[in-house]
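Read through the structure below, which is laid out as structure tokens, and then see the notes.
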Amino acid sequence: MIKYLRFTLPVLALFAASCSSVYMPNVPNTPMLSKQGEFSGGAHISLKGNASVNGAYAVSDHIGVLFSGSRMNSERKSKDFGHKLIEIGGGYFDTFGPDNNRIIEVYAGVGKGWSDITFRDYKDDILISSELQEVDYRKTFLQVNYSSKKKNNLRLFGTDFPINYGTALRISHIKMDRFFLNGVVQPKEDNIFFEPVFFTRMALSKTFQLQYTTSSNIGLKNRKYMSAGNSIFTIGVVVNVGGK
């Protein structure tokens, strides 16, 4: 079932991505912590230019703290999209299975985001109208990560590269603190997003891994601006130091 969802949800997300939203999700933190003193860090980039960084540290054998940030500045003829988002959180992790190579993580946290979006309409290459959306919002989230360090091998150029997979199920509540259209104050919106995330990691060494991440973004409330219009398709690098 998980493998089926991993391929079908990104396809559904392509249809959602055609909509407009003031909320741009970041790559969720999936550190796969396994013991005290372990550090995980990552950097990811999407085709749209949305860059995310993640970090996590295991302060004990079952408690981890994490931080995340993302930034995007896209300028096009008909649309400019700029956003920043920061998050902090913490939670519980544990290993299980015959070889202790499966990991369950439960994290909760808060965040703060800013979006500035400009839409332009042209007729015969002449600008006829424009709209500037300026939004500040706060975020709370709860997520459950499941991953396995049990590895399958991908053979490339005569070399075996270990492959492993993971899933993160995240619920995020986003609430506007400030909302302007062309400088005029607007009614604030909120929404609850269900964000199922799937990632695949290919180990380049014991420390470094390549990660491909896909996700969908499903809004549980009907909103005009704080809607589920963006999803995640990124490639990145993950570092894990000090784990089992």
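Note that the numbering runs from 1 along the sequence shown for the chain.
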Before you tell me yes or no, could you show the steps for V238 and S40 under side-chain contact (heavy atoms from CB on, under 4.5 Å), namely the whole-Å CA-CA distance, both residues' side-chain angles and the distance that decides it to 0.1 Å? CA-CA 7 Å; V238 176; S40 174; 4.2 Å; yes
For side-chain contact (heavy atoms from CB on, under 4.5 Å), just list the numbers for V65 and V59, CA-CA rounded to whole Å, side-chain angles, deciding distance to a tenth of an Å, and then say yes or no. CA-CA 7 Å; V65 294; V59 297; 4.2 Å; yes
Decide yes or no on side-chain contact (heavy atoms from CB on, under 4.5 Å) for V237 and H44, but give the supporting numbers first. CA-CA 7 Å; V237 178; H44 312 267; over 6 Å; no
What do the steps show when you test F81 against M24 for side-chain contact (heavy atoms from CB on, under 4.5 Å), and what is the final call? CA-CA 10 Å; F81 195 116; M24 174 68 71; 4.0 Å; yes
Passes salt bridge (Lys or Arg N to Asp or Glu O under 4.0 Å), K84 versus D116? Steps please. CA-CA 9 Å; K84 294 182 288 184; D116 295 301; over 6 Å; no
Run the salt bridge (Lys or Arg N to Asp or Glu O under 4.0 Å) test on K224 and E189 for me, step by step, so that the C-alpha distance in whole Å, both residues' side-chain angles and the decisive distance to 0.1 Å come before the verdict. CA-CA 8 Å; K224 182 177 180 179; E189 295 182 352; over 6 Å; no
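The distance from atom CG of L132 to atom OG of S130, rounded to the nearest 0.5 Å, is 8.0 Å. Interatomic distance, CD1 of I192 versus OG1 of T140, reported as 8.5 Å (0.5 Å rounding). Note that CZ of R71 is 12.5 Å distant from CG of L85, once rounded to the nearest 0.5 Å. Rounded to the nearest 0.5 Å, atoms OG (S231) and CG (N217) are 7.0 Å apart. Here the straight-line distance linking atom CD1 of I218 with atom OG of S227 works out to 13.5 Å at 0.5 Å rounding. Rounding to the nearest 0.5 Å gives a distance of 8.5 Å between CG of L210 and CD1 of I163.
In this structure, I45 and I235 have side chains that are in contact, with non-hydrogen atoms separated by less than 4.5 Å. Taking the side chain as every heavy atom from C-beta outward, Y57 and E38 never approach each other to under 4.5 Å. With a 4.5 Å cut-off on side-chain heavy atoms, K79 and R120 do not count as touching. Residues N50 and H83 form a side-chain contact, since some pair of their non-hydrogen atoms from C-beta on lies under 4.5 Å apart. Between V27 and I232, the closest side-chain pair of non-hydrogen atoms falls below 4.5 Å. Contact annotation: the side chain of S215 never approaches that of F199 to less than 4.5 Å [non-hydrogen atoms, C-beta and beyond]. Counting heavy atoms from C-beta on, the side chains of N240 and R201 come closer than 4.5 Å. At a threshold of 4.5 Å between non-hydrogen side-chain atoms, the residues N54 and L66 do not count as touching.
Sorted by first and then second residue, the ring pair (Phe, Tyr, Trp, His ring centres under 6.0 Å) pairs with a member in residues 100-127 form an empty list; sequence neighbours excluded.
Taking the side chain to side chain contact (heavy atoms under 4.5 Å, CB included) definition, one finds that I128 meets it with D121, K123, sequence neighbours left out. When the ring pair (Phe, Tyr, Trp, His ring centres under 6.0 Å) test is applied to H62, the partners found at least two apart in sequence or on another chain are Y92. Looking at residues two or more places apart in sequence or on another chain, you find a ring pair (Phe, Tyr, Trp, His ring centres under 6.0 Å) between F179 and Y225. By the side-chain hydrogen bond (donor to acceptor under 3.5 Å, both in side chains) test, N145 pairs with E105, Q143, sequence neighbours left out. The side-chain hydrogen bond (donor to acceptor under 3.5 Å, both in side chains) check on S46 picks up nothing, with sequence neighbours excluded. The side-chain hydrogen bond (donor to acceptor under 3.5 Å, both in side chains) check on S52 picks up nothing, with sequence neighbours excluded. Remark: F193 pairs with Y23 by the ring pair (Phe, Tyr, Trp, His ring centres under 6.0 Å) rule, at least two apart or across chains. Legend: residues meeting side-chain hydrogen bond (donor to acceptor under 3.5 Å, both in side chains) with E134, ordered by chain and number and at least two apart, are absent.
When all heavy atoms are compared, the tightest approach of P31 to A56 is CB-CB, 3.5 Å. Of all heavy-atom pairs between S115 and V22, the closest is OG-O, 2.7 Å. L33 and F93 get closest at one heavy-atom pair: O-CD1, 3.3 Å. The heavy-atom pair separating K48 from S74 by the smallest distance is O-CB, 4.3 Å. Here the closest non-hydrogen pair linking M226 and R223 is O-CB, 3.3 Å. In terms of heavy atoms, Y212 sits closest to T234 at CD1-O, 3.3 Å.
Between the side chains of R170 and T30, no donor-acceptor pair of N or O atoms lies under 3.5 Å. Between the side chains of Q211 and T213, at least one donor N or O lies within less than 3.5 Å of an accepting N or O.
F67 shares a hydrophobic cluster with I88, V110; the chain of contacts runs through ILVMFWY side chains whose heavy atoms sit under 4.5 Å apart. Think of F96 as one node in a network of Ile, Leu, Val, Met, Phe, Trp and Tyr side chains linked at under 4.5 Å; its network also takes in I104, V106, L142, V144, Y146.
Transitive grouping of hydrophobic side chains (ILVMFWY, heavy atoms separated by less than 4.5 Å) brings F161 and V239 into a common cluster.
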Result block: side-chain N/O donor-acceptor pairs under 3.5 angstrom for residues 171-178, not counting sequence neighbours:
{"unit_1": "S172", "atom_1": "OG", "unit_2": "E195", "atom_2": "OE1", "d": "2.9"}
{"unit_1": "H173", "atom_1": "NE2", "unit_2": "D190", "atom_2": "OD2", "d": "3.0"}
{"unit_1": "D177", "atom_1": "OD1", "unit_2": "R138", "atom_2": "NE", "d": "2.8"}
{"unit_1": "D177", "atom_1": "OD1", "unit_2": "R138", "atom_2": "NH2", "d": "2.7"}
{"unit_1": "D177", "atom_1": "OD2", "unit_2": "K112", "atom_2": "NZ", "d": "2.8"}
{"unit_1": "D177", "atom_1": "OD2", "unit_2": "R138", "atom_2": "NE", "d": "3.4"}
{"unit_1": "R178", "atom_1": "NE", "unit_2": "D136", "atom_2": "OD2", "d": "3.0"}
{"unit_1": "R178", "atom_1": "NH2", "unit_2": "D136", "atom_2": "OD1", "d": "3.1"}

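Side-chain N or O atoms of S70 include none that pairs as donor or acceptor with a backbone N or O of A51 at under 3.5 Å.
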